[in-house]
Amino acid sequence: MKKLKSLTALLIAVSILLLSGCSDIKAMFSKPDSDLYAITALSEKATNFSSVDVMGNYALFLASKELDPYELFVFDVEKNKIAQEKSLADCSLECITDAKFTGENEITVYDEENTKCIKYDLNLNEIGQSDFTPADYDLYDSSEEADFINYRFAKHDTYAYAYEGDNMYIVYADDVNTFYVCDGSGELLSANGKKVLINNSVYSESDETTKSTLVVYDLENSKSINEAALETTQAGQYLNVYDSAFNDSYVCFIKCTGNDVTGGQKVEPYIWKYAENAKNEDINVRKLRTSEFEDVNNTLIAEMKEKYSIDFYVNKPTEWGTYNDVTEFNASPLQVNLVLQGLKDSLALFPEGFIKEIVDVPNVEKLNIYICSSIENVNAYADDFTETYEIMFSFNGFTKGIVFHELMHLIDNRLQNHYDEVNKDFYAEWEELNPKGYEYSGSDDGECDENYFVSNYATTNAVEDLADTFEAMYEVSVNKDYERLTQHEGVFKKAKFLADAIRESYSCMKNAQNVCWEEFIEMADTAE
C-alpha cells in the first residue's frame with residue numbers, strides 16, 4: 001500500500017510540473033538517446049524551413065507554418081529545447097530570404113532583393129538595420145593566377161564545387177589554386193572550413209530501394225569523420241536533405257520525405273551529433289595545385305590511348321581544320337582535366353572493343369580527339385570524311401551527352417557499311433520512320449514534332465537527327481526519364497531502330513549486356 005501511495009505521489013508531482021510549463025522537465029523526458037534525432041519541438045511549430053545555421057551550441061532556423069509569416073527559432077542543442085522564438089510578421093524587410101549567425105551575439109536576417117538586413121541578438125531583440133552587399137562570388141577570380149572555372153562550378157560564400165567523371169572537385173576562396181579531388185558519388189550539401197557534408201544515395205535495382213547516408217569528410221586530412229544512415233526509401237518514395245549547416249560538434253539539417261503516388265510529404269529539422277562517436281576513417285582525397293593538373297592530364301591521356309587506341313591533342317588545331325579559324329586554343333590544365341574526366345567516364349560506358357571498332361572500316365586509320373577552350377557557335381564537332389577521324393571537344397559547353405552525339409557521327413559509318421553489305425540503305429530506312437512526306441528543314445529554327453524528334457536540332461538533317469537521338473538514349477539512362485523515348489511511338493521506333501542497327505553492325509555487341517543506351521527498351525517492355 002505504501003508503494004502505491006509513493007508512486008501516485010510521484011505521478012501527481014510530475015503532472016503538476018508538466019502542466020506548469022516546466023520545459024526543462026519536459027525536455028528531460030523527451031531527450032533522445034541517439035546521436036541523430038528529429039527536433040520534434042520545432043516540427044510541431046513549423047512546416048516550412050527556409051534556412052538553417054549553426055554557432056556554438058545553437059542552431060538557427062528561419063521557418064513558418066503553412067502560409068503564416070516567417071519566424072526565427074534559436075534552438076539550444078545541448079538542452080534540446082527552443083531557447084528563443086520570434087515572429088517576423090512586423091519585420092520591415094519586404095522580402096525575407098535568409099537568416100544567419102553573423103557574430104558571437106548577432107543574428108542577421110536578409111532581404112537580398114532589396115539589399116537590406118536587420119540584426120538581432122541571441123535573445124532576438126532587434127539591435128540594428130543596415131544595407132548589405134551580396135556575397136562576392138567573383139572572389140574566386142580575383143587572383144590572376146587562379147585557374148578557376150566560373151559556370152561549371154556551383155559557388156557558395158566560401159567554397160565551390162563541380163562533378164566531372166568519377167570525381168568531385170572542391171575549391172575554397174581562401175586558396176583558389178588548391179583543389180580537393182575526391183569520389184564524386186555523393187551530393188555535397190554544405191561545408192565548414194575544409195570539412196564537407198555529403199549525402200550518399202545508393203539505389204538497389206534488385207528491390208528498387210534507395211539507401212541514404214550522411215557523411216562528414218575532413219578534406220584537409222583525408223578522413224571520413226563519421227556517417228549516419230537515414231531511412232531506406234522504397235519505390236515511389238523519396239528522401240531529400242537540404243538547408244544544412246554544421247560546426248565541429250554537430251550537423252543541423254532539414255529532411256524531407258514523401259510519396260510520389262499519394263503526394264504526401266513530411267518536413268522535419270534534425271540534429272546529428274557526429275563528433276560524439278567519430279570514426280575518422282582514411283579516405284582517398286587528392287589535394288592538387290593547379291600546376292599539378294598537367295601531370296594528371298598526361299596520365300589520363302596515356303590510359304585512354306592504351307585502352308582505346310586514341311590520340312589526344314590539347315590546344316592544337318585539327319588536321320582538317322573545319323572550325324580552326326573560330327576556335328580558342330587556350331584551355332587551362334583544369335579545364336582540360338574536366339573534359340578528360342568526362343571523356344573517360346563516357347567512353348567506359350561503351351562495351352569492350354566498341355571504340356576500336358568505330359575505326360574498323362575501309363580507308364580509316366585512327367581516331368584523334370582534340371580539346372580546346374571554345375568554338376564559336378558550337379560545343380564540339382566531328383570530321384569523318386578522311387582516313388583519320390577527328391573530334392574536337394571544347395571545354396565551353398562540354399557534357400557527357402555531347403560525347404555520345406559526336407561519336408554517333410563516326411559510328412554511323414559502320415552502320416551504313418553493314419547495311420550496304422546486305423543491300424539495304426541505312427539512312428533511307430531511318431527517314432522512312434519520319435512522318436510521310438517529311439523533309440528536314442536544314443536548320444534548327446523550325447518547329448519540332450515531339451512525336452518523331454527528340455529536339456529541334458534533330459530536325460536539321462538525318463545525320464543530326466541520328467546523333468541527337470543517340471545522345472538522348474544515353475541521357476535517359478542517366479536521368480531515368482524513359483518516357484522521353486517511350487511515350488511517343490515515332491521517337492520510340494527511331495531509337496529502337498538505332499539500337500538494333502548498332503547491335504547488328506558491331507561485333508562487340510553480340511553478347512554485350514547492360515548497355516546504357518538500350519535501357520529505355522527494357523523499361524518500355526516492362527511497362528507493357
Side-chain angles (χ1 to χ4, degrees), residues 151 317-329 339 342 346 358 369-386 389-416 419 425-476 479 481 483-499 501-502 517 520:
Y151 69 94
T318 60
E319 183 176 350
W320 307 108
T322 302
Y323 287 88
N324 285 343
D325 57 335
V326 290
T327 301
E328 295 290 336
F329 298 103
V339 174
S346 300
I358 290 177
I369 287 181
Y370 297 77
I371 299 172
C372 66
S373 54
S374 65
I375 313 167
E376 187 176 323
N377 297 325
V378 298
N379 295 321
Y381 64 88
D383 286 334
D384 63 346
F385 48 79
T386 64
Y389 285 164
E390 297 180 336
I391 303 179
M392 175 69 85
F393 291 106
S394 71
F395 165 77
N396 186 25
F398 176 85
T399 66
K400 296 174 189 175
I402 287 176
V403 177
F404 281 76
H405 180 106
E406 299 305 330
L407 282 175
M408 177 47 66
H409 288 321
L410 312 182
I411 292 170
D412 66 347
N413 290 287
R414 190 171 183 84
L415 303 185
Q416 292 179 84
Y419 272 64
D425 186 331
F426 172 76
Y427 269 103
E429 291 194 22
W430 175 266
E431 294 193 35
E432 286 179 4
L433 299 174
N434 288 331
K436 188 174 181 179
Y438 178 83
E439 293 185 6
Y440 286 98
S441 63
S443 71
D444 58 358
D445 296 332
E447 292 186 6
C448 170
D449 184 346
E450 62 181 11
N451 293 308
Y452 292 91
F453 302 96
V454 296
S455 67
N456 276 5
Y457 192 57
T459 66
T460 303
N461 54 54
V463 173
E464 299 301 345
D465 188 9
L466 193 74
D468 255 21
T469 301
F470 192 53
E471 181 177 349
M473 291 161 67
Y474 156 73
E475 289 176 343
V476 300
N479 301 324
D481 57 340
E483 287 189 356
R484 182 183 178 191
L485 297 177
T486 60
Q487 66 179 336
H488 298 299
E489 185 178 2
V491 168
F492 178 77
K493 285 183 177 180
K494 280 184 166 181
K496 179 66 164 59
F497 171 81
L498 179 53
I502 294 174
W517 62 78
F520 76 97

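Bear in mind the structure is a predicted one, so any value in this text is a computation, not a measurement.
The 12-atom threshold is not exceeded at CD of E483, counting heavy atoms of other residues, nucleotides or ligands nearer than 6.0 Å.
Between R414 and I358 the shortest side-chain heavy-atom distance does not fall below 4.5 Å. A 4.5 Å side-chain heavy-atom check between E432 and D425 finds every atom pair outside the cut-off. The shortest side-chain heavy-atom distance between F395 and I375 does not fall under the 4.5 Å cut-off. Annotation: side chain of Y389 is not in contact with side chain of H409 (no heavy-atom distance under 4.5 Å). Side-chain contact check for Y474 versus L407: every heavy-atom pair is 4.5 Å or farther apart. In this structure, the side chains of E328 and C372 stay at 4.5 Å or more apart for every pair of heavy atoms. Counting heavy atoms from C-beta on, the side chains of L410 and I391 come closer than 4.5 Å. A 4.5 Å side-chain heavy-atom check between Y457 and T459 finds every atom pair outside the cut-off.
Side-chain atoms of T460 never come within 3.5 Å of backbone atoms of G442 as a donor-acceptor pair (strictly under, hydrogens ignored). A donor-acceptor pair under 3.5 Å links the side-chain atoms of N461 to the main chain of E464, judged by distance alone.
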Please set out all donor-acceptor pairs under 3.5 angstrom arising from side-chain atoms of residues 490-498, sequence neighbours excluded.
{"residue": "K493", "atom": "NZ", "partner": "E489", "partner atom": "OE2", "Å": "3.3"}
{"residue": "K494", "atom": "NZ", "partner": "N434", "partner atom": "OD1", "Å": "2.5"}
{"residue": "K494", "atom": "NZ", "partner": "Y452", "partner atom": "O", "Å": "3.2"}
{"residue": "K494", "atom": "NZ", "partner": "D465", "partner atom": "OD2", "Å": "2.5"}
{"residue": "K496", "atom": "NZ", "partner": "D500", "partner atom": "OD1", "Å": "3.2"}
{"residue": "K496", "atom": "NZ", "partner": "D500", "partner atom": "OD2", "Å": "2.8"}

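Of all the heavy atoms in G397 and I402, the pair that sits closest is O-CD1, 3.0 Å. Between N456 and C448, the shortest heavy-atom contact is OD1-CB, 2.6 Å. Of all heavy-atom pairs spanning M408 and I502, the tightest one is CE-CD1, 4.0 Å. The two residues S374 and S394 have their closest heavy-atom pair at CA-CB, 3.7 Å. Of all heavy-atom pairs spanning G342 and K400, the tightest one is O-CG, 4.1 Å. What you find for W320 and T386 is that their closest heavy atoms are NE1-OG1, 2.9 Å.
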What's the verdict on side chain to side chain contact (heavy atoms under 4.5 Å, CB included) for D384 and D412, showing C-alpha distance, side-chain angles and the deciding distance? CA-CA 10 Å; D384 63 346; D412 66 347; 4.2 Å; yes
Show the numbers, then the answer: is there a side chain to side chain contact (heavy atoms under 4.5 Å, CB included) between Y427 and L415? CA-CA 9 Å; Y427 269 103; L415 303 185; over 6 Å; no
Chi angles and distances behind the side-chain hydrogen bond (donor to acceptor under 3.5 Å, both in side chains) call for T318, N324: CA-CA 7 Å; T318 60; N324 285 343; 3.3 Å; yes
Apply side chain to side chain contact (heavy atoms under 4.5 Å, CB included) to residues T469 and F453 and explain how you reach the verdict. CA-CA 8 Å; T469 301; F453 302 96; over 6 Å; no
Evaluate the side chain to side chain contact (heavy atoms under 4.5 Å, CB included) criterion for residues F393 and I369: first the C-alpha distance (whole Å), next the side-chain angles of each, then the deciding distance (0.1 Å), finally the verdict. CA-CA 8 Å; F393 291 106; I369 287 181; 3.8 Å; yes
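Between E475 and R484 a salt bridge is recorded (basic side-chain N to carboxylate O distance below 4.0 Å).
Atom CD in Q416 sits 6.0 Å away from atom CG in N413 (nearest 0.5 Å). Note that CG of D383 and OH of Y370 are 9.5 Å apart. Values are rounded to the nearest 0.5 Å. Expressed to the nearest 0.5 Å, how far CG of L466 lies from CD of E471 amounts to 12.0 Å. Atoms CH2 and CG, on W517 and L485 in that order, are 14.5 Å from each other to the nearest 0.5 Å.
Partners of E406 according to the side chain to side chain donor-acceptor pair (under 3.5 Å) rule, which considers only residues two or more places apart in sequence or in another chain, do not exist here.
Aromatic ring orientation, Y381 versus Y323: tilted (interplanar angle from 30° to 60°).
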